[in-house]
Amino acid sequence: MDSPAVLAWYDRHARDLPWRVSPGDRRAGINPDPYRVWLSEVMLQQTTVAAVKSYFLRFTSLWPTVRDLAAAPLDAVLREWAGLGYYARARNLHACAEAVVRDHGGVFPDTAAGLQSLPGIGAYTSAAIAAICFDERVAVLDGNLDRVLARYYALEVPVREAKDELRGALQLAVPERSGDFAQAMMDLGATICAPRAAMCLVCPLHDGCEARAEGDPLRYPVKPVKAERPVRRGHAYVMRDAAGDVYLQTRPAKGLLASMTEVPTSDWAADLPEPHYPAEGNWRWHGQVVHIFTHFRLELDVWSAVVAPEGLDAGWWAAPGTLAGEALPTLFRKVLAEAGLS
DNA sequence: AATCCGGGGGG
DNA sequence: CCCCCAGGATT
């Protein structure tokens, strides 16, 4: 693989991103801040650049260093993460910051192996940080690279079945500027060798690419057979007290939307359960909210009532004006909106 | 090796 | 509607 061509392309076409040090600045001796690179990489796990930008700017404004983030309450981190999804990332992010401060003097390890021992840092993220910050010559393999390499080698099986082979082939191509090479390949996948379009005529890997030679690069990567997405149904109960405050509670620490804020709901089942209202009141049906999770579709009937607060002591009452600052996942923001709040 | 875990943007 | 995104932890 023509790594020099990839780097030359990157020197001219690198995306300008808030967490990135440009190739020109790198040549001038400016090195990336591992804290900012780590934060961005965790946010970018299964998440698009466009969705991450505002969260990254907010986090780095609130917590400019890993020590600041480690000292922050977990609740505050979850509130700021709300809406970004995959909430285990936020808990691992905080745990990782604490570990860096407690076990490493506030300095991130400078090798992929050392980084991967930290919470929320796996094979991809450890390699990305080690390459981008320390130019460790390690293969950085993400979803973009899966697609670029599957096309380059005209891989006839789903990527999952050939991950080790792809990593080995990529490792042989990693140049001295391994950090810029990793970011170059990801930019290539995001802009030139995209999922539904391949601009082969301007691609630095044009000459060696087998899919381009075959003439149908979009045939790759070969997709695995998709599983069906089941439907689950349930009820959501929006309770307000005489002052108009809304009853909220914290979800269990494990499982779906762990430790995030919610309004009470029924169980979620294939067949819509009978509603069991958590308190007496004049319950009114507002409508249905549909939310798509990775592995199922959820349909919630939204109910509301004014109730007496007695017996509702597991959660708390929140004024409507404070809902924006709660750790509410998008699902429950939809529920509250359906009930006429926010 | 499979499964669980969000949400949004684009075709 | 569909797909896919700078994946990791758990089982």
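These figures come from a predicted structure and were not determined experimentally. We name chains A, B, ... by the order of the sequence lines, and we start the count at 1 in each one.
- Contact annotation for A:Leu93: no contact, since no heavy-atom pair falls under 4.0 Å across all strands.
- For A:Ile121 against A:Ile129, the heavy-atom pair with the smallest separation is CD1-CD1, 4.3 Å.
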What pairs of donor and acceptor atoms, side-chain ones from residues 170-180 of chain A against any protein atom, are under 3.5 angstrom apart with sequence neighbours left out?
| unit_1 | atom_1 | unit_2 | atom_2 | d |
| --- | --- | --- | --- | --- |
| A:Gln171 | OE1 | A:Ala139 | N | 3.2 |
| A:Gln171 | NE2 | A:Arg137 | O | 2.8 |
| A:Arg177 | NE | A:Asp180 | OD2 | 3.4 |
| A:Arg177 | NH1 | A:Asp11 | OD2 | 3.4 |
| A:Arg177 | NH2 | A:Asp11 | OD1 | 2.8 |
| A:Arg177 | NH2 | A:Asp180 | OD2 | 2.9 |
| A:Ser178 | OG | A:Asp135 | O | 3.3 |
| A:Ser178 | OG | A:Glu136 | O | 2.7 |

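- Comparing A:Ser40 and A:Ile292 by the nucleotide of DNA chain C that holds the closest heavy atom to each, the one mapping nearer the 5' end is A:Ile292.
- Residue A:Leu331 contributes atom CG, which lies 10 Å from atom C1' of B:dG6 at whole-angstrom precision.
- In this structure, A:Leu328 places its CG atom 15 Å from C1' of B:dG7, rounding to the nearest Å.
- Annotation: proximity of residues 183-192 of chain A to DNA chain B (heavy atom, distance under 4.0 Å) is found for no residue.
- Every residue two or more places apart in sequence or in another chain that forms a side-chain hydrogen bond (donor to acceptor under 3.5 Å, both in side chains) with A:Gln249 is listed here: A:Glu262.
- With sequence neighbours excluded, no residue forms a salt bridge (charged side-chain N to carboxylate O under 4.0 Å, His left out) with A:Glu210.
- Distance A:Leu44 CG to C:dG8 P: 12 Å, rounded to the nearest Å.
- Look at the P atom in both B:dG11 and C:dA6: the space between them is 15 Å, to the nearest Å.
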Quick one: which protein N/O atoms are closer than 3.5 Å to N/O atoms of nucleotides 9-11 of chain B? Pair and distance per line, please.
none

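- A heavy atom closer than 4.0 Å to some atom of DNA chain C occurs in no member of residues 5-13 of chain A.
- Comparing the P positions of C:dG8 and B:dG9 gives a spacing of 24 Å, expressed to the nearest Å.
- Across all strands, A:Trp81 comes closer than 4.0 Å to no nucleic acid atom at all (heavy-atom distances).
- Considering every non-hydrogen atom in both A:Val307 and A:Glu280, the closest pair reads CG1-O, 3.5 Å.
- The aromatic ring centres of A:His295 and A:Phe293 sit 6.0 Å or more apart.
- Around atom CZ of A:Arg58, no more than 12 heavy atoms belonging to other residues, nucleotides or ligands sit under 6.0 Å away.
- If you check every strand for non-hydrogen atoms under 4.0 Å, A:Arg91 touches nothing.
- Here B:dG7 presents its P atom at 10 Å from CZ of A:Arg89, a figure rounded to the nearest Å.
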Return the polar atom pairs (N/O with N/O) between nucleotides 2-5 of chain B and the protein under 3.5 Å, or none.
| unit_1 | atom_1 | unit_2 | atom_2 | d |
| --- | --- | --- | --- | --- |
| B:dC5 | OP1 | A:Leu256 | N | 3.4 |
| B:dC5 | OP2 | A:His295 | NE2 | 2.6 |

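- Between A:Thr330 and B:dG7 there is a side-chain N or O to OP1 or OP2 distance below 4.0 Å.
- Closest contact between the side chain of A:Asn92 and the listed nucleotides C:dA6, B:dG6, C:dA9 involves C:dA9.
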Side-chain donor/acceptor pairs under 3.5 Å, residues 34-44 of chain A, sequence neighbours excluded:
| unit_1 | atom_1 | unit_2 | atom_2 | d |
| --- | --- | --- | --- | --- |
| A:Tyr35 | OH | A:Trp63 | O | 2.7 |
| A:Arg36 | NH2 | A:Pro18 | O | 2.8 |
| A:Ser40 | OG | A:Arg36 | O | 3.3 |
| A:Ser40 | OG | A:Val37 | O | 2.8 |
| A:Glu41 | OE1 | A:Tyr124 | OH | 2.6 |

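- The distance from atom NZ of A:Lys163 to atom C1' of C:dG7 is 9 Å, rounded to the nearest whole Å.
- Base contact: A:Arg20 has a heavy atom under 4.0 Å from a base atom.
- The cationic atom of A:Arg232 (NZ for Lys, CZ for Arg) lies less than 6.0 Å from the six-membered ring centre of A:Phe296 and within 45° of the ring axis.
- Side chain of A:Lys223 to main chain of A:Pro158: no donor-acceptor pair is present (N/O by atom type, distance under 3.5 Å, no hydrogens or angles).
- If you take CZ of A:Arg15 and C1' of C:dC5, they are 11 Å apart, rounded to a whole angstrom.
- C:dA6 atom C1' lies 17 Å from atom CG of A:Asp16, rounded to whole Å.
- Distance alone, capped at 3.5 Å, is enough to place a donor-acceptor pair between the A:Thr60 side chain and the A:Phe56 backbone.
- Within residues 111-145 of chain A, no residue has any heavy atom closer than 4.0 Å to DNA chain B.
- For A:Ser304 and A:His286, the side-chain atoms include at least one donor-acceptor pair closer than 3.5 Å.
- For the P atoms, the distance from C:dT11 to B:dG6 is 15 Å, rounded to whole Å.
- OP1 and OP2 of C:dG7 both lie 4.0 Å or more from every side-chain N or O belonging to A:Gln45.
- Side-chain heavy atoms closer than 4.5 Å link hydrophobic residues (I, L, V, M, F, W, Y) into clusters, and following such links, even through other members, never connects A:Leu272 to A:Val263.
- If you look at A:Phe59 and A:Trp81, their ring centroids are closer than 6.0 Å.
- Distance CG (A:Leu298) to C1' (B:dG6): 12 Å, rounded to an integer number of Å.
- Taking both residues in full, the closest heavy atoms of A:Arg333 and A:Leu323 are given as NH1-O, 3.4 Å, listed atom of the first, atom of the second, then distance.
- Contacts of A:Arg20 classified as salt bridge (charged side-chain N to carboxylate O under 4.0 Å, His left out), with partners at least two apart in sequence or in another chain: A:Asp187.
- Base pairing in DNA chain B yields stems of at least 3 consecutive Watson-Crick or G-U pairs, both distances under 3.5 Å, namely B:1-5 with C:7-11, B:7-11 with C:1-5.
- Between the side chain of A:Tyr10 and the backbone N or O of A:Arg15, no donor-acceptor pair lies under 3.5 Å.
- Closest of all the heavy-atom pairs between A:Gly120 and A:Gln45 is O-NE2, 3.4 Å.
- In terms of the side-chain hydrogen bond (donor to acceptor under 3.5 Å, both in side chains) criterion, residue partners of A:His235 (sequence neighbours excluded) are, by chain and number, A:Trp303.
- Side-chain nitrogen and oxygen atoms of A:Lys334 include none within less than 4.0 Å of the OP1 or OP2 phosphate oxygen of B:dG7.
- Remark: the A:Thr47 side chain and the C:dG7 base include no donor-acceptor N/O pair separated by less than 3.5 Å.
- With respect to A:Lys163 and A:Glu165, no salt bridge is recorded, no charged nitrogen being found less than 4.0 Å from a carboxylate O.
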